[in-house]
Amino acid sequence: MSTPGQDAKFFQRGKIEEFRADLHAAEAKDKKFVKRKTVLKKIVANITMGNDMSPLFTDVVQCLGTPLLEIKKMVYLFLISYGRSKPDLIHLVIPNFLQDCNDRNPLIRALAIRTMSYIAIPVVTDALSENLRHCLRDRDAYVRKTAAICVAKLYNADPRKAEKNGFVEMLRDLMLDSNATVVANAVAALSEIGDRLDGVIFKLNLTTANRLLAALTESSENRWGQIYILDSLLRFVPERHADAEAMAERIISQLQHANSAVVLTTIKVLLYLMNYMENRRLIDSCCKKMGPPLVALLSSGPEVQYVALRNILLIIQRRPAVLKNDVKVFFCKYNDPIYVKLAKLEIMYRLARAENAPEVLAELQEYATEVDIDFVRKAVRSIGRLAIKVEVAADQCIKALLSLIETNVTYVVQEAVIVIKDVFRRYPGKYEGIIPTLCEHIDSLDEPESKAAMVWIIGQFANRIDNADELLDVLLDTFLEESVEVQLALLTASVKLFIYKSSAERAKTLVHKVLKWATEEVDNPDLRDRGFMYWRMLAINPTVAGEIVLADKPAITTDSDRMDRGALDQLLLHTGTLGSIYHKNPETFIRNATGKALVDSPALNPHSRAVLIPLAPVRLPQPAISVPGPGPVESHSASASDNLVSVDKEDGPPPPPPSSKPAPSANAENAGYAEAEDVDADEDMPPNNKAGSNDPYSNLDGAFGNYLADAPRPMGDANRRRQYEDDLLI
Amino acid sequence: MRDSSKPESTPLSQCRADLISDFKLPNRQQQRKRITPNQDRLLLASTPPIAPMASLIAILDLKGKPLIQRSYRDDVPPSYVERFLPLILEIEEEGQQVTPCFSSQGINYMHIRHSNLYLLALSKRNSNASEIIIFLHRLVQVLVEYFKELEEESIRDNFVIIYELMDEMMDFGYPQTTESKILQEYITQESHKLEIQVRPPMAVTNAVSWRTEGIRYRKNEVFLDVIESVNMLVNANGNVVRSEILGAVKMKCYLSGMPELRLGLNDKVMFESTGRTARGKAIEMEDVKFHQCVRLSRFENDRTISFIPPDGEFELMSYRLSTPVKPLIWVEAAVESHRGSRVEYMVKVKGQFKRRSTANNVEIYVPVPDDADSPKFRASTGSVQYAPDKSAFVWKIKQLGGSREFLMRAHFGLPSVKSEQDFEKRAPITVKFEIPYFTVSGIQVRYLKIVEKSGYQALPWVRYITQNGDDYRAL
């Protein structure tokens, strides 16, 4: 630019009276309005610093008469900041607003309505409503696109006023505007209104969806607009496979867009449409085409990469064909920020298979020697997870873990012990030979989780460890100071030891000591109850007690490598949004957010339907306005019956869904539901994965912050019990 | 465990019911309140959030002090901006990672870093995070193009115009015009009298939003730069663990009017689809990305790259190739440490490309222990410097010919005695270089056709460069 600004000097705290005096003085001799401009700049600088300038309201407003755009903009900025706090004075500026709304210059017309719409008080919204009608039909596209957003703002401030004035219908008409930017903003405004609990329902029919698609593809129009249009396509529910397939083919070229947000939104729409598609070949080709653009996102800045990675983690669980051969691109770079590395680590684990396990393991070993503790821990844990997931790699993984234990770095050792415990459960009778090595490091375990894991190992294999009683005895020295997790483990281990070596005097004293502590000295009810239970079992019939305590454990196995498919389908409707980053549905972290769910239709893939999670019903507090006619806003047939249920949305549980909702009652009879889990996904997986049950780590979607999230769980029903209870087969 | 995530007001009886339903086999009726796997303790917002986009955008210094901010929605009070840094510190203190997006008390914080600034967006809704993060990057780019540098001082110096830009670039939280070339046409630092009026350029809402009409040049020229960056990781045994080529076609367009351009590359897919046989090599590009000016539907149909270019400099396209590449610059280092008191390095470099090419400005960074001292170097070419701040020494070679090989030796003293083991963990060697007139992939510009209705002749210039990517290293 020709003249860089030098306005930093205005950042000085000023007195209201001085500014006022300056403004008055400027009314007299003010050549080229330099004085006024200077004072206004000082005022805006003070607003920026957080000083309250609202007492100057009447004085600043006087400047609106100045024929200088810069001054007008500063006054408008002042009005946006303080307009709402001065409802009694705002009428002073209404004439100026009205004048500007009819200015010859479209820039001024748009500026006026834009500013007015930010001041949500009745006097202003009334004046705005009068003018918005013309502006929505303005001959200049710049004014129309601004007016479209103004409708959304007005609706936010006063829904009834917006509806009464027919602005929603006008927005609907703008969707057919010749200008693509106007179309995009109209779609954005309608979407926003449609997302409100009390808003007009915004759905697309095939004709309108196709028109929007034309607006999307014909004009290579501005990038942000494409996002709004693509987003709105989720409001179209395909009734026929062919509709979904045709639409997918039309949008697929958007994957080549340079803007990552467009790419992610396109992927979201494709994933959505795939639920309604039948043509296998096309679905496969969509999956294939999605991979490279996702990989390309990894060469953007770290923040964008992070968003992409969190989404990729979801996508590959639902569509394993995407990126299945690309594990290498997720290998961490030396200079990746730690949050990127952690997100990559998780994806590496997901993509690991027998074919690529050696490469993945080599990478993980590399990471295990880096400096960041959190990252190293995760890497070590991932090696264990890899051993559990990929059987052919287990030997190598164990070798790697052993060599890591030898480094004697305490946090590495502790992580290794935690995972090795699970490896023992996964491959019974295979690796117990390494127990002595673990025992050598018993002193370096100082965190509850690793300590509990080690205690479990000692108890479980007390018959193979010669000095198990000695080891336990030492560990028991601090029993009363330990955390509950460790105490529970110690209690169970002592009982196991006693059952293995019931003749040994030392085991007997040990178990007695522990049971006494657990039942008499400890306040924790879980621990106490467990103590009593063991005690009674042992007292009544030690043999049966032995059978119970040492019964075969349900094996931890690897597979079902993803989140619940229904939940995934739902989360993927939020691709690119915060929900997809937190891996949570928006209803769960934002109150009153409208959830999204796949809508049932004849075209919906039966597998998707089988796992469909209907939305928690959200009742409309007031009768919804349905706009009749063939336009894009379709009347919502259910709304009339919905309104019969009157609900106070503040308290009380939501009412049960009316039967008219697409509750998939038909699928209950789908007996094969359990194993037919996901045909299109499973066929991409190695066949041995069909074997079984739950991967102990499959729920590790907890953004790595939370180690508990990947606490291993035994398979089957016991899944839901807490980990330390797994010895109790009640 | 799960009931802890519920709002506190939930009656106890209901919590029980939820727990029980979790234990039952899938039952449709029960599932309507099903909880997604990873619900946790986020506090819920108390007012209905209506903002799908950003509610507020702020620029903060590293101490978390807001330098300038603009509110687009009332649902997030501006005071939340000041909670940003304390929250970050809190997260760090808890040993957690600060991610670009996080949520606290129902407010979502999305941020990026730019030199010594944070750019922050707040929202109360399930915002399109990818869009907002990219918008923040765009905002940085626009402000940099306006003020050359974006830092505390330039923000203060130009705060009025930044407010104007923020008003123009985002409306009610929805990103609008973010092309700085277009913005500069109607948002300028010169004062405008209302009589001599600036109008919104057609381009703001035009289909061709990136170019205005009426551009004139005396000499019509186009410069094409094909730049390929090679990322590579070579392990200690000298094997390539991974390699990729990131390519970009950058243009400088000095063309009058509204020219139509068509770019032809030796694209394998196009040759195959048109049944043409390539003379010479054709290459298979992966994940090609285009500037918004390229007609994507045409590319999808027949792989034609056709577009009306923006004026001046821009990146037309980028692509990636994961075909294996052998290292262009081969580096190996032998390290010999003598009882922890001193250490010697022997580094060998070799240009593994055609004899007629030359690599320029080769820089080889070899890491050394943090406390290494009294360096001694001997090199058969170039210069060597010790960079203690990077814990490395740098061997700089101005020009390295193809197939040429050089050696250098370095010697350091070590003050403290270290165990051998510490020493083994060493950071990788990184290499920087630039090879002009050469692309690793073999990509070639076959033609660039320029058609404008006035019928002028324009000259296209093409240049090829291969360089290191941000991740070229050997262990």
Side-chain angles (χ1 to χ4, degrees), chain A residues 1 3 5-8 11 48 67 69-70 73 77 105 107 141-142 149 153 156 179 181 188 192 217 219 222-224 227 253 256 258 260-261 264 292-293 296 299 303 306-307 328 333 338-339 369 563 567 576-579 581 583 585-586 588-592 613-614 616 699 701-702 705, chain B residues 28 32-34 36-39 42 44-45 48-50 52 68 96-97 99-101 103 108 112 126-131 133-134 146 156-159 163-164 171-172 174-175 189 191-192 194 197 199-200 204-205 207 209 242 246 286-292 295-297 300 320 425 471:
Chain A
M1 295 301 294
T3 48
Q6 295 189 331
D7 292 345
F11 281 81
T48 309
L69 185 58
E70 205 180 353
K73 283 191 172 175
L77 184 69
N105 185 343
L107 207 59
Y142 180 78
I149 297 286
K153 289 188 242 182
N156 193 25
N179 184 294
T181 309
E192 162 141 6
T217 40
S219 63
N222 82 70
R223 52 166 113 210
W224 309 111
I227 297 172
S253 62
Q256 249 116 29
S260 330
L264 276 177
S299 29
E303 295 94 354
Y306 175 74
V307 175
K328 276 191 180 183
K333 290 186 182 170
I338 188 73
Y339 57 81
T369 61
M563 263 190 237
T577 67
L578 288 168
I581 295 169
H583 291 186
N585 278 319
T588 63
F589 64 98
I590 295 160
R591 190 196 277 185
N592 289 351
I613 300 172
N699 270 343
D701 49 348
Chain B
R28 299 293 150 215
R32 75 189 158 74
K33 286 207 71 184
R34 187 167 181 151
T36 46
N38 186 42
Q39 214 180 14
L42 290 169
L44 297 171
I50 316 287
I68 195 161
Q96 310 261 332
Q97 302 303 331
T99 54
C101 314
S103 169
N108 297 299
I112 64 168
N126 185 30
S127 308
N128 188 334
S130 58
E131 180 176 359
I133 291 214
I134 290 165
Y146 260 86
R156 289 242 166 98
D157 271 337
N158 299 285
F159 66 102
Y163 275 126
E164 280 185 45
D171 193 4
F172 204 38
Y174 292 99
Q189 275 141 326
S191 305
H192 290 285
L194 278 175
Q197 289 187 342
R199 291 177 164 266
V204 174
T205 53
S209 66
R242 63 165 176 267
L246 298 175
E286 287 166 57
D287 35 294
V288 189
K289 296 266 163 201
F290 291 108
H291 185 269
Q292 54 167 333
R295 296 180 184 94
L296 295 178
S297 44
E300 186 68 16
R320 200 177 62 89
K425 265 191 268 167
D471 188 38

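Numbers restart at 1 for each chain; the letters A, B, ... are given by sequence-line order, proteins then strands.
- Put simply, the side chain of Asn128(B) never gets that close to the backbone of Thr577(A): no donor and acceptor are under 3.5 Å apart.
- Of the inter-residue distances, the one linking Thr48(A) atom OG1 with Arg156(B) atom CZ reads 9.0 Å to the nearest 0.5 angstrom.
- In this structure a side-chain-to-backbone donor-acceptor pair under 3.5 Å is present from Asp157(B) to Asp7(A).
- Proximity to chain A is limited to the side chain of Leu246(B), based on heavy atoms less than 4.5 angstrom apart.
- Within the 4.5 angstrom heavy-atom criterion, atoms from both the backbone and the side chain of Asp171(B) approach chain A.
- A pairwise comparison of heavy atoms in Lys289(B) and Ala296(A) identifies CE-CB, 3.8 Å as the closest pair.
- The choice from Ala188(A), Ser253(A), Gly579(A) that makes the most heavy-atom pairs within less than 4.5 Å of chain B is Ser253(A).
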- Task: Kindly indicate, with the supporting measurements, whether the criterion side chain to side chain contact (heavy atoms under 4.5 Å, CB included) is fulfilled by Tyr174(B) and Ile227(A).
- Result: CA-CA 11 Å; Tyr174(B) 292 99; Ile227(A) 297 172; over 6 Å; no
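- With a 4.5 Å cut-off on non-hydrogen atoms, Tyr163(B) touches chain A through its side chain but not through its backbone.
- Atom OH of Tyr339(A) is separated from atom SG of Cys101(B) by 9.0 Å, given to the nearest 0.5 angstrom.
- In this structure, the side chain of Asn126(B) does not engage the main chain of Pro586(A) through any donor-acceptor pair within 3.5 Å.
- In this structure, Ser299(A) OG and Asp287(B) CG are separated by 7.5 Å, a value rounded to the nearest 0.5 Å.
- Between atom CD1 of residue Ile581(A) and atom CD1 of residue Ile133(B) there is a gap of 6.0 Å, rounded to the nearest 0.5 Å.
- We find the OG-CD distance between Ser297(B) and Gln256(A) to be 11.0 Å, quoted to the nearest 0.5 Å.
- Heavy atoms of Glu164(B) lying under 4.5 Å from chain A belong exclusively to its side chain.
- The shortest non-hydrogen separation linking Ser130(B) to Val307(A) is CB-CG1, 3.8 Å.
- Using a 4.5 Å cut-off between heavy atoms, Lys73(A) touches chain B through its side chain atoms alone.
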